[in-house]
Amino acid sequence: MTQGMLFNTEEPPGRRDAPAQALAPGAWLFPGLVHARAPALLSAIGEVVRRAPLRHMTTPGGGRMSVGMSGCGARVWVSDAAGYRYETHDPRTGRPWPTMPALLRDIAGECAQKAGYDGFVPDSGLINRYGPGDRMGLHQDRDERCDAPIVSISLGVSAVFLWGGVTRSDPVRRIVVRNGDVVVWGGPSRLAWHGIAPVPQAQHPLCGDVRYNLTFRRTA
DNA sequence: AAGTCACT
DNA sequence: CCAA
């Protein structure tokens, strides 16, 4: 199979009404759920990154993350030589992270509700920018101090979402995520291992050769 | 360590 | 070369 087929950015008619797919207990993929609101979501991203520029974080072992990261809300995840943690201020500017735009907060709540998680009010919205070849290794989200679900929104160029289990040695599924797709995981899947395979060089009408991922969490 | 790399 |  060619990459051109696998990563075709065209969105077939009817994707907005595609059924939810269960990935694991408490974990769902909603194909095209926020497709219609992609332009508004991208506008909100622009608003945030204007005040908190995307940057490449380093890992405690000295590695450099390929993904450009920023965020909004009360706390944002950061990584540096000292480790992983949530910070209330942008280490790069010393200012508080931008307020989470109401549009983002509300859409995240709607997505969580679709997966059966009522009353989700995120206090953290991470923005990940993937250029061609950028990736995110398999990991768990375990720096939050509460067990609320994770809401993940894909925008722009399609990518392969790596979905493992709660044990590191569990098999990893490869799931194509396209512009407007939403993945929600919580409950028994809250600590599932996940990541993103290297993003292919491809074009999307709204984002050029870029994929954005928005992830919403409650950190405390 | 969300990083890389070596090896099979 | 890539995947596990």
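By convention in this document, chain letters (A, B, ...) are assigned in the order of the sequence lines, proteins followed by strands, and residues within each chain are numbered from 1.
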Could you pull out all donor-acceptor pairs under 3.5 Å where a side-chain atom in residues 56-63 of chain A meets a protein atom, sequence neighbours excluded?
| from | atom 1 | to | atom 2 | distance (Å) |
| --- | --- | --- | --- | --- |
| A:His56 | ND1 | A:Met65 | O | 3.0 |
| A:His56 | ND1 | A:Ser66 | O | 3.2 |
| A:His56 | ND1 | A:Val67 | O | 3.4 |
| A:His56 | NE2 | A:Arg64 | NH2 | 3.4 |
| A:Thr59 | OG1 | A:Gly63 | N | 3.0 |
| A:Thr59 | OG1 | A:Gly63 | O | 3.4 |

Among residues at least two apart in sequence or on other chains, which ones pass ring-ring contact (aromatic ring centres under 6.0 Å, His included) with A:Tyr84?
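A:Trp77.
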
Among all residues two or more places apart in sequence or in another chain, which pass the side chain to side chain contact (heavy atoms under 4.5 Å, CB included) test with A:Glu87?
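Partners of A:Glu87 under the side chain to side chain contact (heavy atoms under 4.5 Å, CB included) test: A:Val78, A:Arg85, A:Trp97.
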
Partner set under side chain to side chain donor-acceptor pair (under 3.5 Å) for A:Arg37, not counting sequence neighbours:
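Once residues adjacent in sequence are excluded, the partners of A:Arg37 under the side chain to side chain donor-acceptor pair (under 3.5 Å) criterion are A:Glu110.
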
Side chain to side chain donor-acceptor pair (under 3.5 Å) with A:His89: which residues, sequence neighbours excluded?
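Scan of A:His89 (side chain to side chain donor-acceptor pair (under 3.5 Å), adjacent residues dropped) gives none.
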
Heavy-atom protein contacts under 4.0 Å, nucleotides 1-8 of chain B, coded B base, S sugar-phosphate only, - none:
BBS-----

